[in-house]
Amino acid sequence: MPVRQLSEAVVNRIAAGEVVERPASVVKEVVENALDAGATRIDVMTDGGGRRLIRVTDDGEGMTRADLALSVDRHATSKLADDDLVSIRTLGFRGEALPSIGAVARLSITTRHASEPHAWEIGVDGGAKSAIKPAALGGGTRVEVRDLFYATPARLKFLKLDRTEAEAVRDVVRRLAMSRPDVAFTLAGEERAPASYAAALPGATGRLSRLGDILGADFRANAVEVAADREGVVVEGFAALPTLTRANALGQYLFVNGRPVRDKLLLGAVRGAYADYLHRDRHPLLALFVTLDAREVDVNVHPAKAEVRFRNAGLVRALIVSALKAALTRDGTRASTTGGSATIAAFRPAAGVPPRGRDWRRSPSRPSEPPQSYRAAGGGFAEAAQAAFDVGAPAADLRAAEVETAAELIDRPLGAARAQVHETYIVSQTRDGLVIVDQHAAHERIVYERLKAALERSGVARQILLIPEIVELDEADVARLAARADELARFGLVLEAFGPGAVALRETPSLLGEIDGAGLVRDLAEHMSEWDESLPLERRLMQVASSMACHGSVRAGRRLKPEEMNALLREMEVTPNSGQCNHGRPTYVEVKLTDIERLFGRR
């Protein structure tokens, strides 16, 4: 077959296949044009998920008649002052979006520039341009796209349900709204309730306000500010506490020079920063904005500009990891508000509880005969009548006559210990509420941070077992542990193969005290079978430390004395990241006195 030149219509449709994947792609390109035009308000309207209609109206500077005529020609753009493709400072620059959209749909553009006496309108129908004619518009630009892919019917069958396409449009608008909190956005359509994001104040306060509008009040209440810069690269934004997570990474929003991206390098940096806090199947919520010189990043590596390539990728990754770790360490003792809310919800009367004003003694569910213990005691609240409520001796005797809480302890962040419940939870009183602490989770984080600090200083001190403990395992597990013996020894755990199906545990970390050595070795063997061999040595060592901390911490079910409980609270206050255990669970929840008063109708 001889070589031939493709027609302009076919060329445009091929370009549309790269640029216009679905209605959301159209919205992205047109809204980015509006932002580049200096718009302060952008309204997006869709119908049929964007397949039947997409209308984007902005108050930007608009276009003159001559610019409008060129805007629907391929490779015509106002966003490159010269031919330098290395320094891209706008969101769009290819000059392919509008002609590509016009090649597969019915496109209409109405615009007015301040220097023009009135607005102008042009249409592109399946690649055929109409003449420019006068139109009515106060200012800015209005772009309408109707019957998307009508000129390429084969593409229509690849579109999903209208609601699914509308959700993709919503996600695009949300991302662009995050990147520009100074711009007001409105999104409307028959598939959804209208969403409106008012323009926010400049700075971190305005950015958090916009992120809270989009990601929800829980994110706003549990977000920590991230800010760092190094060698011309700036990282800003907000990240949620490790206790606010999702089952996927869709809640991670990343921006490079204001451009929303889904970059593997950046996502990997986020995963590395949270590795000390979360299980592998949990993902944090965050919005990070990376700003650097335009010449240090290539935004032309993906047709939809969804990926970027950094000249110094190592610097960017290291800065993101260090910035996130610093922010989480700084606010690591904060309690998640979601835990407190859940606690309050759990305290609320259940559906079966009689409403206020009813007498429970008249309820049909009241037993017809009193309990045997009640009759035996002759009625009244005698000791025998209370046998059913006997939960054993209190974990700690905290009667006011014997233990008097010092006023200075009440003013501490985690307050003064008042009681231990079910030998698992410490109840502490603060000046304006109470705190409930999971003693095992809290001590697990404390031991973990001690192990990390000891490893950084001079290694973990060991204690030699008088009689080595023999632990029987599968041959594969024995081989894995023997291969990692040097790494384990750095944490004070010395073991060696003891035949084909066992290991001999000879030394344990002195920091852990008395532990179940066999259980620890079995857990480590199980975890090692799931390790990714590509993980760096540091990450593998931290996983070892996490397992050790779990075995060396105060177990649930152990009774603590008042002084032990208070000592644990004081250690939590000075330990980094003590608000969450190694698995991302909260170590404590805080309930404000005002919330308790609401439960009892005092407010």
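No side-chain donor from either of Q439 and E423 sits under 3.5 Å from a side-chain acceptor of the other.
Under the side-chain hydrogen bond (donor to acceptor under 3.5 Å, both in side chains) criterion, R170 pairs with E167, sequence neighbours left out. Applying the side-chain hydrogen bond (donor to acceptor under 3.5 Å, both in side chains) rule to R175 yields the partners D171; only residues at least two apart in sequence or on another chain are considered. For T245, the side-chain hydrogen bond (donor to acceptor under 3.5 Å, both in side chains) partners at least two apart in sequence or on another chain are R282. Among residues two or more places apart in sequence or in another chain, the salt bridge (charged side-chain N to carboxylate O under 4.0 Å, His left out) test is passed with R230 by none.
For residues 503-512, the pairs satisfying side-chain hydrogen bond (donor to acceptor under 3.5 Å, both in side chains) are Q463-T508, E496-R506, with sequence neighbours left out.
Salt-bridge formation is not detected for the pair R570/E563: no Lys NZ or Arg NE/NH1/NH2 atom is positioned less than 4.0 Å from an Asp or Glu carboxylate oxygen.
Open room surrounds CD on E472; 12 or fewer heavy atoms of other groups in view lie less than 6.0 Å from it. The environment of CG in N248 is crowded: more than 12 heavy-atom neighbours from other residues, nucleotides or ligands sit within 6.0 Å.
Listed for the E444 side chain is no donor-acceptor partner under 3.5 Å among the backbone atoms of A441.
Here the closest non-hydrogen pair linking V478 and A502 is CG2-N, 3.6 Å. Across A228 and L319, no two heavy atoms sit closer than the pair CB-CD1, 3.8 Å. Smallest separation of non-hydrogen atoms from L328 and N577: O-OD1, 3.4 Å. Shortest non-hydrogen contact noted between A323 and V235 is CB-CG1, 4.5 Å. Pairing each heavy atom of R210 with each of A199, the nearest pair is NH2-CA, 3.8 Å.
R180 forms no cation-pi arrangement with Y197, by the criterion of a distance under 6.0 Å to the ring centre and an angle within 45° of the ring axis.
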Please list, one pair per line, the donor and acceptor atoms closer than 3.5 Å that link side chains of residues 263-275 to other protein atoms, with sequence neighbours excluded.
residue, atom, partner, partner atom, Å
D263, OD2, L265, N, 3.0
D263, OD2, L266, N, 3.3
Y274, OH, A240, O, 2.8

**Message:** Set out, in order, the CA-CA distance, both residues' side-chain angles and the distance that settles side chain to side chain contact (heavy atoms under 4.5 Å, CB included) for L493 and L524, then state yes or no.
**Reply:** CA-CA 11 Å; L493 196 71; L524 283 173; 3.4 Å; yes
